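Here the structure is a predicted model, which means the values were calculated and not measured.
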Amino acid sequence: MSIDKDTVKHISKLARISLDEKKIDNLSKDLSSIMKFIEKLNKINTDKTNPLTSIINASLKSRKDEVKDGKIRSQILKNSPEKNEEFFVVPKVIE
Amino acid sequence: MSNISELSLTKIINGIKKKDFTSEEVTKVFINNSQNSKKLNAYISECFDDALKSAKSFDKKKDYNGLLSGVPIAVKDLFCTKDVKTTAGSKILHNFIPTYESTVTSNLWSKGAFLLGKLNCDEFAMGSSNETSFFGNVVNPYGKQLVPGGSSGGSASALAAELTPATIGTDTGGSIRQPASFTGIVGLKPTYGRCSRWGIAAFASSLDQAGPMTKNVEDCALLLQAMSGYDPKDSTSVDAKVENYSSKLTENVKGLKIGIPNEYRVDNMPTEIDNLWKQGIDYLKDAGAIIKNISLPHTVYALPAYYIVAPAEASSNLARYDGVKYGHRAKGKNLIEMYENTRSEGFGDEVKRRILIGTYVLSSGYYDAYYLKAQKVRQLIKNDFDKVFSDVDAILTPSTPSSAFKIGDKTDDPVSMYLNDIFTVPVNLSGLPAISVPAGYDENNLPLGLQIIGKAFDEQTILNLSLAIEKRANFKKNFKVWWS
């Protein structure tokens with residue numbers, strides 16, 4: 001299936017990536033060639049195959065749900081591009 | 001010691017223990033080599049001052065009990081390192097300073113090693129040539145025009161050029177083994193779950209695995225042992241005993257059954273790769289192994305399935321980069337526009353392609369046709385391996401379909417770049433361990449590797465077989481230092 005420019009626009013919106021017209025053009029071409037490559041899978045019948053759910057034959061270990069750290073607000077905020085003393089700051093959401 | 005940097009990791013550790021030289025002397029040698037290596041562009045962050053401090057304090061304490069006593073190690077910049085910038089090769093993390101340490105790196109430090117620097121890699125480990133890094137491409141020591149492979153290209157180049165005594169990378173579809181093959185070093189992707197993924201920038205969580213990259217097989221066994229183990233912080237890491245790979249390492253592989261998969265004889269494979277494969281078969285026969293022809297019939301579907309599964313997982317994993325909590329932020333007149341502009345500016349072209357492919361195959365109406373189909377094919381590929389491993393102990397293949405290619409050669413055509421991982425991807429899809437061991441040269445004097453694939457959690461057997469090949473191939477690097 002080829003991926004036309006409208007589809008690129010649609011999925012870039014879903015993925016929250018803004019694109020200019022030139023990028024949309026290039027991506028339409030690149031993504032179409034990748035999808036063409038992927039569609040080789042249609043040659044194989046998988047009607048009787050179950051999808052893989054785990055690659056290792058071991059069940060996942062569970063652990064107790066307990067607090068191991070905490071009171072690390074300043075660390076968490078450290079890398080934030082914009083913050084005030086206690087919060088991450090983002091553009092206004094509610095008018 | 002006139003030339004410490006030529007020594008293997010094992011010999012350096014032993015030399016420090018025997019007091020032939022100090023950790024400080026060792027560290028100075030690698031810092032010096034690294035400082036003279038700008039043309040290779042292997043480093044993103046240098047931690048030379050701190051490394052020297054660590055070396056001096058090691059020399060004072062004289063605690064030689066650690067597996068990696070007193071050695072500086074530079075690591076791929078995908079591992080989060082506490083208080084040291086960690087970029088994953090991306091603009092979107094160009095200013096990110098983790099407040100925590102990845103489990104795998106802290107395993108190294110708890111065994112006596114310390115951080116020398118952070119090595120360049122393809123952006124979020126997406127690439128096979130180290131050309132997608134925001135910090136520029138890495139150059140292969142084998143030639144100014146050559147890529148080192150990817151995505152652990154900085155790691156491969158740094159190790160081959162003796163900028164670090166050993167290193168670690170990550171492998172999602174071949175990102176340790178392919179660059180190892182391109183630069184004439186040993187690289188191992190462990191069984192999925194052998195090493196913790198905690199603190200590693202995630203690409204495709206059901207495929208990612210960290211592993212050692214070293215000068216020889218002996219070092220590889222040692223480093224694998226040091227970095228492996230169960231971690232409560234990664235529920236997919238497996239609570240299985242970590243072997244003492246070093247002490248069990250033997251080139252005695254007599255009677256082991258080695259499978260040669262017919263489907264890996266791909267169209268247009270260069271004769272020299274085919275010859276190298278035959279040579280590898282002869283080496284293992286000489287070592288007393290039994291060669292068997294096998295079939296892995298779904299091999300041809302591995303790459304297309306990978307290019308559904310990996311981008312799908314990547315699109316989910318990379319959703320976290322939104323410009324709010326850390327990393328790059330662009331301006332926008334509202335929240336959505338801020339997200340869109342941040343991700344547009346922050347991600348490079350290859351990462352965008354994969355996020356969009358992943359978003360597409362997971363989007364409403366397409367999930368069954370693509371993602372579910374790919375997971376079914378993945379099961380068939382795994383079944384192929386399960387079947388042959390009831391009969392053989394390991395599988396021998398070439399590591400790559402070519403030697404290192406020229407910078408810029410494949411950047412215009414994403415699919416031609418993807419084809420590079422044709423021999424390595426099936427292993428990730430099946431969670432198996434595999435190693436690339438340097439075994440010879442092509443007609444242009446560029447290194448070529450052989451890949452050995454093992455049963456789940458049987459890293460020991462593939463290490464032993466690699467040792468048998470290493471002893472016979474007697475591979476020696478054959479480049480002169482041109483970059484300093």
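Taking chain B as the reference chain and counting heavy-atom pairs below 4.5 Å, the highest number among Ile72(A), Leu41(A), Ile34(A), Ile11(A) is found for Leu41(A). In terms of heavy-atom pairs under 4.5 Å with chain A, the best-connected choice from Ile357(B), Leu318(B), Val361(B), Val238(B) is Ile357(B). For the set Leu372(B), Leu429(B), Ile355(B), Leu380(B), the count of heavy-atom pairs under 4.5 angstrom toward chain A peaks at Leu380(B). Each of Leu27(A), Ile44(A), Val89(A), Ile76(A) has some count of heavy-atom pairs under 4.5 Å with chain B, and the biggest count is that of Ile44(A). Comparing Ile97(B), Val377(B), Val300(B) by heavy-atom pairs within less than 4.5 Å of chain A, the highest count is held by Ile97(B). For the set Val93(A), Ile3(A), Leu19(A), the count of heavy-atom pairs under 4.5 angstrom toward chain B peaks at Ile3(A).
Across all their heavy atoms, Gly323(B) and Pro81(A) have their closest contact at O-CG, 3.3 Å.
Proximity to chain A is absent for every atom of Leu362(B), based on heavy atoms less than 4.5 angstrom apart. Contact annotation for Ile381(B): neither backbone nor side-chain heavy atoms come within less than 4.5 Å of a heavy atom of chain A. Both the backbone and the side chain of Val324(B) come within contact range of chain A, judged by heavy atoms closer than 4.5 Å. Heavy atoms closer than 4.5 Å to chain B are found in the side chain of Phe88(A), but not in its backbone.
Val67(A) pairs by the side chain to side chain contact (heavy atoms under 4.5 Å, CB included) definition with nothing, not counting sequence neighbours.
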Between chain A and chain B, identify all donor-acceptor pairs below 3.5 angstrom, including backbone and side-chain atoms.
{"unit_1": "Ala15(A)", "atom_1": "O", "unit_2": "Arg343(B)", "atom_2": "NE", "d": "3.0"}
{"unit_1": "Ala15(A)", "atom_1": "O", "unit_2": "Arg343(B)", "atom_2": "NH2", "d": "3.1"}
{"unit_1": "Arg16(A)", "atom_1": "O", "unit_2": "Arg343(B)", "atom_2": "NE", "d": "3.2"}
{"unit_1": "Ser18(A)", "atom_1": "N", "unit_2": "Glu340(B)", "atom_2": "O", "d": "3.2"}
{"unit_1": "Ser18(A)", "atom_1": "O", "unit_2": "Ser344(B)", "atom_2": "OG", "d": "2.8"}
{"unit_1": "Ser18(A)", "atom_1": "OG", "unit_2": "Glu340(B)", "atom_2": "O", "d": "3.4"}
{"unit_1": "Ser18(A)", "atom_1": "OG", "unit_2": "Asn341(B)", "atom_2": "OD1", "d": "3.2"}
{"unit_1": "Asp30(A)", "atom_1": "OD2", "unit_2": "Arg353(B)", "atom_2": "NH1", "d": "2.9"}
{"unit_1": "Glu39(A)", "atom_1": "OE2", "unit_2": "Tyr370(B)", "atom_2": "OH", "d": "2.8"}
{"unit_1": "Ile44(A)", "atom_1": "O", "unit_2": "Lys373(B)", "atom_2": "NZ", "d": "2.6"}
{"unit_1": "Thr46(A)", "atom_1": "OG1", "unit_2": "Lys373(B)", "atom_2": "NZ", "d": "3.3"}
{"unit_1": "Leu52(A)", "atom_1": "N", "unit_2": "Gln375(B)", "atom_2": "O", "d": "3.0"}
{"unit_1": "Lys61(A)", "atom_1": "NZ", "unit_2": "Asp239(B)", "atom_2": "OD2", "d": "2.6"}
{"unit_1": "Asn79(A)", "atom_1": "OD1", "unit_2": "Ile97(B)", "atom_2": "N", "d": "2.9"}
{"unit_1": "Asn79(A)", "atom_1": "ND2", "unit_2": "Ile97(B)", "atom_2": "O", "d": "2.7"}
{"unit_1": "Ser80(A)", "atom_1": "N", "unit_2": "Lys325(B)", "atom_2": "O", "d": "3.3"}
{"unit_1": "Ser80(A)", "atom_1": "OG", "unit_2": "Val324(B)", "atom_2": "O", "d": "3.3"}
{"unit_1": "Glu82(A)", "atom_1": "OE1", "unit_2": "Arg329(B)", "atom_2": "NH1", "d": "3.1"}
{"unit_1": "Val89(A)", "atom_1": "O", "unit_2": "Arg329(B)", "atom_2": "NH1", "d": "3.1"}
{"unit_1": "Val89(A)", "atom_1": "O", "unit_2": "Arg329(B)", "atom_2": "NH2", "d": "2.6"}

